[in-house]
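Reviewing the structure listed below.
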Amino acid sequence: MKKYIVPTLLVILIVLQLVSLSRMEQLKNELNNTKNQLSNLATSQSGQLSMLTANINQMLSKQASMIDHFEYAFGEFDQSRMTLPVTFKVVPKEVTPDARMTLDVSGERIAMDRSGTTFTATLPVGIFTKFEASVILTDNGSDKSEKLAVSEHLRFRLLPTVFAHFEGDSVMNYTKSADSLSGAYHRSGKIALDVKPVENNTIEKARLVFEVDGEIIKEMPINTGGMSTEFDQRLSLAAGQHLVVSIEAIDSFGLIHRVIVEKFSLNGQAEHIPEDDWMWMDEAIIKHPDGTVLFNPLGDKMLP
């Protein structure tokens with residue numbers, strides 16, 4: 001019997017150790033679950049606190065406001081003037097019989113008509129200006145102004161959003177001539193036009209344009225329906241010249257959306273100057289059919 005005691009004890013110890021390890025793992029899982037529950041509870045409480053704070057701030061703001069309520073609506077787009085009329089109706093909380101109110105929309109002001117306690121006015125808003133509004137209440141010889149909770153870019157209501165990019169397999173090469181201050185530019189591959197249309201306005205046609213020092217050297221039509229277009233273009237460039245590659249897309253209103261996809265410049269030695277400012281790729285320049293620039297998101301930086 002004695003010879004079985006040691007193995008039996010070893011077996012018992014092993015079993016106890018396994019049980020202990022299992023229990024430790026169980027306790028570890030329970031601890032992790034508790035930590036997760038506490039974390040979720042803290043997140044929930046933080047969210048509730050943020051919501052409560054926002055509600056309190058909203059209530060305080062409404063309480064401090066001189067406006068009981070307001071509403072606004074847009075009219076028909078005036079394509080010749082590129083404006084969208086907006087009509088505001090504003091009801092102050094308190095108003096005397098002699099009170100007057102002025103509406104300011106994106107920097108343009110107009111006196112509002114009064115009917116009872118309701119003030120109304122309509123103003124045309126340029127679609128390339130940021131749509132913001134405020135009112136000025138003149139009562140008992142003093143002026144009180146308040147900004148209304150409206151803010152948007154009206155062009156996104158009326159014009160398609162246009163992006164363009166070279167596909168991943170597109171390549172550009174430049175070879176400087178050995179015997180002259182010039183070189184050969186070569187760009188080939190695929191280019192894609194991405195369009196987010198709006199109601200009654202999308203891109204009707206588009207072209208890929210190569211300009212050297214502001215003069216169109218080459219152009220070709222490209223697809224507008226989401227499919228990429230293959231191309232293979234070669235140009236000879238002289239020292240000091242600047243190449244701009246862009247897509248010009250025409251929408252249903254006839255407006256031109258110019259998306260710059262590449263800038264390529266040579267210095268006085270006909271060597272390529274690396275482009276260090278890519279901000280021109282952010283958003284399209286929008287031009288009138290006669291070429292007048294209507295919208296340029298980055299000012300003169302966007303123009304070649």
Give, for atom CG of D68 and atom CZ of F70, the distance between the pair rounded to the nearest 0.5 Å.
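The distance works out to 12.0 Å.
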CG on L84 to CD1 on I127, rounded to 0.5 Å:
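So the CD1 of I127 and the CG of L84 are separated by 8.0 Å.
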So, using ring pair (Phe, Tyr, Trp, His ring centres under 6.0 Å) as the criterion, who are the partners of F253 when residues are at least two apart?
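Scan of F253 (ring pair (Phe, Tyr, Trp, His ring centres under 6.0 Å), adjacent residues dropped) gives F77.
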Please enumerate all residues that pass ring pair (Phe, Tyr, Trp, His ring centres under 6.0 Å) together with Y185, with sequence neighbours excluded.
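Here the qualifying residues are F264.
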Indicate whether any N or O donor in one side chain lies under 3.5 Å from an N or O acceptor in the other, for T96 and D98.
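Not at all, the side chains of T96 and D98 share no donor-acceptor pair under 3.5 Å.
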According to the ring-ring contact (aromatic ring centres under 6.0 Å, His included) rule, which pairs have a member within residues 209-239, sequence neighbours left out?
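Listed once each, the pairs are F166-F231.
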Which pairs count as salt bridge (charged side-chain N to carboxylate O under 4.0 Å, His left out) when at least one residue sits in residues 175-195, sequence neighbours excluded?
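Output for this query lists R187-E262.
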Quick one: salt bridge (charged side-chain N to carboxylate O under 4.0 Å, His left out) pairs with a partner in residues 232-243, sequence neighbours left out?
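Pairs touching residues 232-243 that pass the test: none.
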What orientation do H272 and Y174 show, parallel under 30°, tilted 30 to 60°, or perpendicular over 60°?
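Tilted.
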Which residues share a side chain to side chain contact (heavy atoms under 4.5 Å, CB included) with I110, sequence neighbours left out
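So I110 forms a side chain to side chain contact (heavy atoms under 4.5 Å, CB included) with L103, A121, L123.
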As a test of understanding, state which of K93, E146, K147 forms a side chain to side chain donor-acceptor pair (under 3.5 Å) with S65.
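Single pass found, and it is E146.
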Mark yes when over 12 heavy atoms from residues, nucleotides or ligands other than K144 sit less than 6.0 Å from its NZ; otherwise mark no.
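Not more than 12 within 6.0 Å, no.
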